[in-house]
Amino acid sequence: MASERYNAREAESKWQQVWEERGTFLSRTDSARPKYYVLEMFPYPSGRIHIGHTRNYTMGDVVARYKRARGFDVLHPMGWDAFGLPAENAAMQNRVHPAQWTYANIATMRAQLKLMGLSIDWSRELATCDPAYYKHQQRMFLDFLVAGLVDRKQSKVNWDPVDQTVLANEQVIDGRGWRSGAVVEQRELTQWFLRITDEAQDLLEAIDGLERWPEKVRLMQRNWIGRSEGLLVRFPLAPATAPPGARELEVYTTRPDTLFGAKFMALAPDHPLAAAAARANPDLAEFIAGCRRVGTSVAVIETAEKRGFDTGIRAVHPFDPTWTLPVYVANFVLMNYGTGAIFGCPAHDQRDLDFVNAYGLGNIPVVCPPGVDPASFRITDVAYDGDGGMINSRFLDGMTVAQAKEEVARRLESTDLDGRPQGRRQINYKLRDWGISRQRYWGCPIPVVHCEACGVVPVPDADLPVVLPEDVTFDRPGNPLDWHPTWKHVRCPSCGGPARRETDTMDTFVDSSWYFVRYTDPHNEAAPTTRAAADYWMPVDQYIGGIEHAILHLLYSRFFMRAMRETGHVGLKEPFAGLFTQGMVVHETYRTRDGAWIAPDEVKFLDGAGGRQAIVTATGEPIEIGPVEKMSKSKRNTVSPDDIVVSYGADTARWFMLSDSPPDRDVIWTEEGVQRVFAFVQRLWRLVGELNAIGPPPGEAGLPNAFSPPALAVRKAVHGTIVKVEENIERLHFNVVIARIRELANVLSAAIGALESDEVPADLRFAFREAADTLVLLYAPFMPHLAEECWAALGHASLACETPWPQADRALVVDDVITLPVQVNGRKRGDLVIDRNADNAAIEAAVLALEPVRRAMEGRPAKRIIVVPRRIVNIVA
RNA sequence: GCGGGCGUGGCGGAACUGGUAGACGCGCUGGACUCAAAAUCCAGUUCUGGUGACACAGAGUGUCGGUUCGACUCCGACCGCCCGCACCA
């Protein structure tokens, strides 16, 4: 056995077939064992499985296999996030129907995934574009509608006037449509919304309970929800300057304390008052139109140079009728936050300061930082947004920021303006309602009918699903559902008169907001969920996916659970008990002199003076080795999982992707690295063979009564490794697990090398056999095929993946004698070997007697000796 | 612009809640095996000084400063890179 090479390709397909035939990974939902639901974010069927996907799924698979070995009922499913824009783009480019393109991709990608040996319950596979899936989504939408969780209101979209279509932000490049090149306009459309803002407070508070989520994601979600406590303030307009009918301007501010630092007011370009002012001012109208051509992306709007236009309107300061402020329209004020209007206090807000500096309006500091002289405190180009004492603020002077906020709120609440208080406290959220309308074909149809007589009428249950028509073409601009000759024309379910189907489809984030619940019983035709199954499996114990989903997908899913709970489809609010965000797989880039990107498998490396050099294998043309970057088709720095599996096997790929880099960081794919892992696979195979050749302990004798030092050393290493592997798998520190397993392999190799004869004593044979079995089971979650092959070679009739996890003997992990590092003034000078239970007095005496310590002390007395039990000793001299 | 994160040898990284910085691996150097190469095995490998070789000394976790007996870890400022910003998924 030891002389043969391990044939990964043969072994992998063999064991995959065995698992499949035995139904090893089908989940059970009825046992008395504890459940564990591990899930990786499902892929979009883009065409090919990417190596980054396989890293993600391997992480989940390690957890799934480990938890199974620990005695859990494990649910580990897979499916497809199958609706979306790329299918329609493909339809336009290649004249292939989105469904055909999507299902072909799914078939390819499923086959690719199966090569990886993932322990997935494929009987639960689902695709969101399947009417059997979206039927239930439509039903829940209607349930939400009845429950008051759905709204219809206006919102802005990017409109491409040439393609006659709505553009995603990513399709707007420098204010132009990516395909047509036409200047993008903003348009108001009536759209469907889910009322996520109703849950803002609960979504915020519940973040505290998500203990197994990364702190950074929790912070991002808190900031996204963006709760703030502030004041609505109504500014009267100077009548002579106001457009007809306009009497006041209401702003929302979190800094009412800075009212005496106000220098201007600013309106969002689509604020009603801006529109009113523009009616009499063509230049202003042109300015507003210019702002709209930027598109709807907040990132673009806020990074654009700050520009404003004076409307000529003047607002009256709430505390001084003689003080008026100019009202601008400004490109950085957002209509959908607060009231769409602000007062600008340049000294204490950077955006406002940039604005006044551009328009020469000046600033008045009103908050003075502690310890700074108010008389000399000036603001030039950095705003001060910290705490301090109020200055230049009349009756607020001398107060703290908090006191001033309170005082302003109190005064304005009790000031009457046109029969209502001038100020009102308000809690505001940055979070906006979730617009789910998409003017696209390849998505879940929104199941309502518009009737002129009855208004919006839900499609009756019996008529669900509303299925997408198949006979559509993409050769003309606009939404194919709108163009379809018959699809949208229906009878009103209520009055029977002529009516029109809703042609908007749902945002694909809706599809991905509940798929994880559907997995718990994916074949229930009658309802979205089966409560018993959902209650058993939910929540997901460990969810794994990319950090790019830290906000939207996860927040929408959290909201959707609440909505499903209110409508009786589930019994819980939080879908994901544990969350892990994994890093990407990245690769070097290669370019020729003329800038052409070269794929890794077309590159050959040369050793030579001046470091690494590369050429194009086929032509010998020299290549510039570029930076390591995210794998992308455009830069051609991708590697295909299939190629890796064919060359080295899935186990090698799995091990490599989890070794070296911590799982939440990027891992750099290198050919050399993969080759070295392949060598390690072979080494493990040989090592297990060598251990096997030493033979089992004689007879069926149990645990020997005593172990010689070499046997004890082997056992300590084995049991110590079990503990460390457990700890680090639980923490998902797979790279550390791998290091510990390699260490164990190194110890065992050395122990075999130290054998002096073929006659190995019984206690050592026992230790080696135990080591071989344990080693295989420890790496089995990572390299499951090799593990089965080794497990069988060791003479086991069972499957490694069905064998319980090895039990560590804790007594073997604790040493009686320990080594304490000894520092003098914080610098390590020696080691103290001492009894584990030695008391401080004994340690202090022993430490001072150490030769290196005495040398470092140079005859000085010890001022203090700090003994940290079982960790370290530090002498202060 | 706003929000979040990351930064440790030539390289990827390890270091539990502040306690031996550099585990494990890649690469490199030397050696064994071989006609030779590959593979494999053994040894070494943070930097600087020092030594024939040891010993030993000093510096060191992006930069600068602080807290502490002790800082990769905590605090403040700065630099660089990455992610998200609501119609990509």
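Note on naming: letters A, B, ... go to the chains in the order of the sequence lines (proteins, then strands), and numbering restarts at 1 for each one.
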Nearest heavy-atom pair of A/A383 and A/P346: which atoms, and what distance? CB-O, 3.8 Å
Of all heavy-atom pairs between A/N735 and A/S659, which one has the smallest distance, and what is that distance?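 Looking at all heavy atoms of both residues, the shortest contact is CB-C, 4.2 Å.
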[atom1] gap between [N] and [M], integer Å:
N	M	atom1	answer
B/C75	B/U68	P	16 Å
B/G60	B/G49	C1'	15 Å
B/C74	B/G5	P	12 Å

Could you tell me how the ring of A/Y543 sits relative to the ring of A/H553: parallel (under 30°), tilted (30 to 60°) or perpendicular (over 60°)? tilted
Residue A/R854 excluded, over 12 heavy atoms near CZ under 6.0 Å: no
Residues of residues 745-752 of chain A with a heavy atom under 4.0 Å from any atom of RNA chain B, listed by number, are A/N746
Dump the pairs, protein N or O against N or O of nucleotides 83-88 of chain B, anything under 3.5 Å, distances to one decimal.
from: B/A86; atom 1: OP1; to: A/N169; atom 2: ND2; distance (Å): 3.4
from: B/A86; atom 1: OP2; to: A/V298; atom 2: N; distance (Å): 3.2
from: B/A86; atom 1: O5'; to: A/N169; atom 2: ND2; distance (Å): 3.3
from: B/A86; atom 1: O2'; to: A/R432; atom 2: NH2; distance (Å): 3.1
from: B/A86; atom 1: N6; to: A/K430; atom 2: O; distance (Å): 2.8
from: B/A86; atom 1: N1; to: A/R432; atom 2: N; distance (Å): 2.9
from: B/C87; atom 1: OP2; to: A/R438; atom 2: NH2; distance (Å): 3.1
from: B/C87; atom 1: O4'; to: A/R438; atom 2: NE; distance (Å): 3.1
from: B/C87; atom 1: O4'; to: A/R438; atom 2: NH2; distance (Å): 3.2
from: B/C87; atom 1: O2'; to: A/L167; atom 2: O; distance (Å): 3.3
from: B/C87; atom 1: O2'; to: A/N169; atom 2: N; distance (Å): 3.0
from: B/C87; atom 1: O2; to: A/R440; atom 2: NH2; distance (Å): 2.4
from: B/C87; atom 1: N4; to: A/Q191; atom 2: OE1; distance (Å): 3.3
from: B/C87; atom 1: N4; to: A/Q191; atom 2: NE2; distance (Å): 3.3
from: B/C87; atom 1: N4; to: A/S437; atom 2: O; distance (Å): 3.4
from: B/C87; atom 1: N4; to: A/Q439; atom 2: OE1; distance (Å): 2.9
from: B/C88; atom 1: O4'; to: A/E170; atom 2: OE1; distance (Å): 3.4
from: B/C88; atom 1: O4'; to: A/E170; atom 2: OE2; distance (Å): 3.0

Check the distance between [N]'s [atom2] and [X]'s [atom1] and give it to me in whole angstrom.
X	N	atom1	atom2	result
A/F680	B/A39	CZ	P	17 Å
A/R742	B/G13	CZ	P	16 Å
A/K863	B/G70	NZ	P	11 Å
A/E851	B/A55	CD	P	16 Å
A/Q350	B/G3	CD	P	12 Å
A/I738	B/A14	CD1	P	12 Å
A/M657	B/G25	CE	C1'	17 Å
A/F332	B/G1	CZ	P	14 Å

Residue closer to the 5' end of RNA chain B, A/T670 versus A/A739 (nearest nucleotide):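 Closer to the 5' end of RNA chain B: A/A739.
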Of A/R829 and A/G673, the one whose closest RNA chain B nucleotide lies more 5':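 That would be A/G673.
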Taking the cut-offs as 6.0 angstrom to the six-membered ring centre and 45 degrees off its axis, would you call A/R218 and A/W213 a cation-pi pair?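 Pair A/R218/A/W213 does not count as cation-pi.
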N/O-N/O pairs, protein side and nucleotides 18-21 of chain B side, under 3.5 Å:
from: B/G19; atom 1: N2; to: A/N874; atom 2: ND2; distance (Å): 3.4
from: B/U20; atom 1: O2; to: A/K828; atom 2: NZ; distance (Å): 2.8

Step by step, work out the side-chain contact (heavy atoms from CB on, under 4.5 Å) result for A/R440 and A/M506. CA-CA 9 Å; A/R440 308 197 190 289; A/M506 291 187 210; over 6 Å; no
Those residues that, when tested against A/A745, pass side chain to side chain contact (heavy atoms under 4.5 Å, CB included) (two or more places apart):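 Checked A/A745 against side chain to side chain contact (heavy atoms under 4.5 Å, CB included); matches are A/F680, A/R683, A/L684, A/L687.
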For A/S437, run the side-chain contact (heavy atoms from CB on, under 4.5 Å) check against A/I446, A/V157, A/V166 and tell me which one passes.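 Answer to the side-chain contact (heavy atoms from CB on, under 4.5 Å) test with A/S437 among A/I446, A/V157, A/V166: A/I446.
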By side chain to side chain donor-acceptor pair (under 3.5 Å), which residues pair with A/W80, not counting sequence neighbours?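 So A/W80 forms a side chain to side chain donor-acceptor pair (under 3.5 Å) with A/E125.
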Secondary-structure string, 5' to 3', Watson-Crick or G-U under 3.5 Å, | for another-strand partners, for RNA chain B: (((((((..(((......[....)))((((((.......))))))((((......))))..(((((..]....))))))))))))....
Under the criterion side-chain contact (heavy atoms from CB on, under 4.5 Å), I'd like the reasoning laid out for A/I875 against A/V853: C-alpha separation, chi angles, the key distance, then a yes or no. CA-CA 9 Å; A/I875 303 165; A/V853 171; 3.5 Å; yes
Checking contacts here: which listed nucleotide (B/A23, B/G25, B/G1) is nearest the side-chain heavy atoms of A/D660? B/G25
Selected nucleotide, minimal atom distance to A/R740 side chain, candidates B/C24, B/U40, B/C6: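 Closest nucleotide among those given: B/C24.
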When you measure from the side-chain N and O atoms of A/R665 to the phosphate of B/C81, is any distance below 4.0 Å, counting only OP1 and OP2? no
Side-chain N or O of A/R218 closer than 4.0 Å to phosphate OP1/OP2 of B/G5: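 For B/G5, OP1/OP2 do not have a side-chain N/O of A/R218 under 4.0 Å.
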Dump the intermediate steps for side-chain contact (heavy atoms from CB on, under 4.5 Å) on A/I196 and A/Y556, then the final yes or no. CA-CA 8 Å; A/I196 190 172; A/Y556 290 150; 4.0 Å; yes
